[in-house]
2 protein chains.
Amino acid sequence: MTGNAEEDTMAPGAAEGLTARGGVMTRNAEGGTMAIRILLAEDQTMFRGAMAALLSLEPGFEVVGDVARGDQVVGACEALRPDVALLDIEMPGIDGLEAARRLRTAVPETKVVIVTTFGRPGYLHAALAAGARGFLIKDTPIEQLSAAIRKVADGGQAIDPALAVAALSEGASPLTPREKDVLAAARGHGTIADIARGLHLSSGTVRNHLSAAIQKLGARTRAEAVETAEGKGWL
Amino acid sequence: MTGNAEEDTMAPGAAEGLTARGGVMTRNAEGGTMAIRILLAEDQTMFRGAMAALLSLEPGFEVVGDVARGDQVVGACEALRPDVALLDIEMPGIDGLEAARRLRTAVPETKVVIVTTFGRPGYLHAALAAGARGFLIKDTPIEQLSAAIRKVADGGQAIDPALAVAALSEGASPLTPREKDVLAAARGHGTIADIARGLHLSSGTVRNHLSAAIQKLGARTRAEAVETAEGKGWL
DNA sequence: GACGACCCGTGACGACCGTCATGGGTGAAG
DNA sequence: CTTCACCCATGACGGTCGTCACGGGTCGTC
């Protein structure tokens, strides 16, 4: 628990898990340029804290808030109206991609930059489809993150170039929607009967979908198919 | 034991991937207390950079170097002789636990603090057995990390309390060494015949070991057994 | 309306998986 | 020396899995 419960005049009930930050550089026109207002969404407390502290030191940046869950992103952005939202993908609640989708209609002024651990081509596709303007993996230097934030705040784009070519060479998912569902349900559960029960399907149908998915992915086992599908971001 | 036939080809080139850092506060006796010299081992570049920058700002800390791979830890510590080594567990090369084991004999002055993403009880056991003096998960505030570093540098210990009780309640792994091997080999590979081939065993023996492991872990499938064993850090 | 893509289902077949019983071999503990 | 735990192996059994062939259903497109 972050426990920084200092939501004094935080407007509505909107943002519960939000940690508002008194910016070093407030929104006065200081020399003509205003600081880029940033919201941070990241579940690992340590990483979130480190990034917030570091970005706040960067001249021209102001971290106006940070949240730990995907379902707190929209509320926080509605309250704070940041210029840029830095979203992790793997988060409790809803993931960063879904948060980006909702943010586009709820707070369209806020530009989204996705920062994720896994450089899966499918993630890039989904992020761009969700309206993200930037996409970086966490295995890149912070200087490039700063540069990406500035570019996006200026109205530009910032896509990891190595991932872009990978995403293009991969192409889209060959799985039909239902095959994707069945394969996704096959991650945690054990037997086929369990999956069938969870999806209200016949166990024979589940086997057929799984068989099709296995062949399309070039796998030999259901587990292998799940693994390769996850690796490419088709889930 | 799974053929941990890691060749000991560590020493010669010593520290290739090492980024040495000119410390803000050098090792002069300033007022009587010397800065705590820290080495950082973490594969995610962004996280590593952020932590290095942030810890350098903390008064009394000096980040003297950082590496991205586990097999660079010993070489870097031999060259830099830090007071504290902050080790991630999940790293390419060798993992942080193995690095801690080797560090204890190679550079015993350096105290080890494990900082990991996953709060698996088995990890804590292994870390303490490897001689680590501190154990934190990345989902804790940075202030606690600073406190832990100071405590460990002073000769004390810093163990995440929530994990300590979990580790005690869990107990040690019920799996025999061979069962662990077979289960570990069952992660990536597909069929039982593949596992048997990889371990030079009869396929019937593999099935027996797997069956025993499945029952000991209360699972119903090999995949379930792998999952729960991984979750507890028995691998 | 014909066509194709996708969905759901059935039935059957061979291969694989998980369980059990059984046995021999080793090495440490009593 | 006996006992016990672990290792490896074999064979047999029932259940599950992956594949195939097949049929019926919906929906959008040409």
Side-chain angles (χ1 to χ4, degrees), chain A residues 122 125-126 129 171-232 234-235, chain B residues 1-5 122 125 129 171-232 234-235:
Chain A
H125 272 126
S173 168
L175 302 174
T176 71
R178 213 54 177 145
E179 286 163 1
K180 180 195 77 115
D181 292 343
V182 175
L183 202 56
R187 270 189 303 182
H189 304 71
T191 80
I192 277 191
D194 296 332
I195 305 170
R197 220 170 295 122
L199 288 165
H200 306 290
L201 281 179
S202 157
S203 51
T205 301
V206 172
R207 272 187 300 164
N208 287 337
H209 281 306
L210 278 179
S211 182
I214 287 171
Q215 289 188 315
K216 283 182 182 175
L217 297 177
R220 292 200 324 268
T221 318
R222 164 172 41 152
E224 271 188 26
V226 168
E227 194 177 0
T228 68
E230 266 187 334
K232 305 211 174 183
W234 310 330
L235 193 148
Chain B
M1 278 284 251
T2 319
N4 272 0
H125 272 127
S173 167
L175 301 174
T176 71
R178 214 53 176 144
E179 286 162 1
K180 180 194 78 112
D181 292 343
V182 175
L183 203 55
R187 273 188 303 180
H189 304 71
T191 81
I192 279 191
D194 295 333
I195 305 170
R197 221 169 296 123
L199 289 165
H200 305 289
L201 282 180
S202 157
S203 49
T205 302
V206 172
R207 273 186 301 166
N208 287 336
H209 282 306
L210 277 179
S211 181
I214 288 172
Q215 288 188 318
K216 284 182 181 176
L217 297 177
R220 293 201 324 269
T221 318
R222 163 173 40 153
E224 271 188 26
V226 168
E227 194 178 0
T228 69
E230 267 187 333
K232 306 211 174 181
W234 311 329
L235 191 149

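Letters A, B, ... are given to chains in the order of the sequence lines, protein chains preceding strands, and every chain is numbered from 1. Scope of the values below: all heavy atoms of this structure, side chains included, with no hydrogens, waters or symmetry mates.
The side chain of B:T176 lies closest to D:dC7 when the candidates are D:dC7, D:dC17, C:dT19. Each of C:dC17, C:dT19, D:dG18 was ranked by its minimum atom distance to the side chain of B:R222; first place goes to C:dC17. When distances run from any side-chain atom of A:L201 to the nucleotides C:dG9, D:dA9, C:dG18, the shortest one goes to C:dG9. Across C:dC7, D:dC7, D:dT19, the shortest atom-to-atom separation from the side chain of A:H209 is found for C:dC7.
No hydrogens or angles were tested; on distance alone, a donor-acceptor pair under 3.5 Å links the side chain of A:N208 to the base of C:dG9.
At a threshold of 4.5 Å between non-hydrogen side-chain atoms, the residues A:D194 and B:R220 count as touching. Looking only at side-chain heavy atoms (C-beta outward), B:L217 and B:W234 come within less than 4.5 Å of each other.
Between B:K216 atom NZ and D:dA5 atom P the separation is 11 Å, expressed in whole Å. The nearest whole Å value for the distance from the CZ atom in B:R178 to the P atom in C:dT26 is 17 Å. Look at CD1 on B:I192: it is 13 Å from P on D:dG18, rounded to the nearest Å. One can place CG of B:L210 at 15 Å from C1' of D:dC7, the figure rounded to the nearest angstrom. We find that CD of B:E179 is positioned 14 Å from P of C:dG18, with the value rounded to whole Å. Rounded to a whole Å, the CD1 atom of B:I214 is 17 Å from the P atom of D:dG15. Rounded to whole Å, the distance from CD on B:Q215 to P on C:dC20 is 5 Å. Atom-to-atom, NZ of A:K180 to P of C:dC7 comes out at 11 Å; the value is rounded to the nearest Å.
OP1 or OP2 of D:dT10 has at least one side-chain nitrogen or oxygen of B:S202 nearer than 4.0 Å. Here B:R220 does not reach the OP1 or OP2 of C:dG18: none of its side-chain N or O atoms lies under 4.0 Å away.
Residue B:T205 is classed as a base contact, given a heavy-atom separation below 4.0 Å to a base. Counting any heavy atom pair closer than 4.0 Å across all strands shown, B:R207 reaches a base atom.
Taking each heavy atom of A:R178 and A:L199 in turn, the nearest pair found is NH2-O, 4.1 Å.
Proximity of a side-chain donor or acceptor of B:K216 to a complementary backbone N or O of B:L175 within less than 3.5 Å is not detected.
Going from atom CG of A:L183 over to atom NE2 of A:H209 covers 11.5 Å, rounded to the nearest 0.5 Å.
Within the shown strands, D:dT10 is the pairing partner of C:dA21 under the Watson-Crick or G-U definition, both distances less than 3.5 Å.
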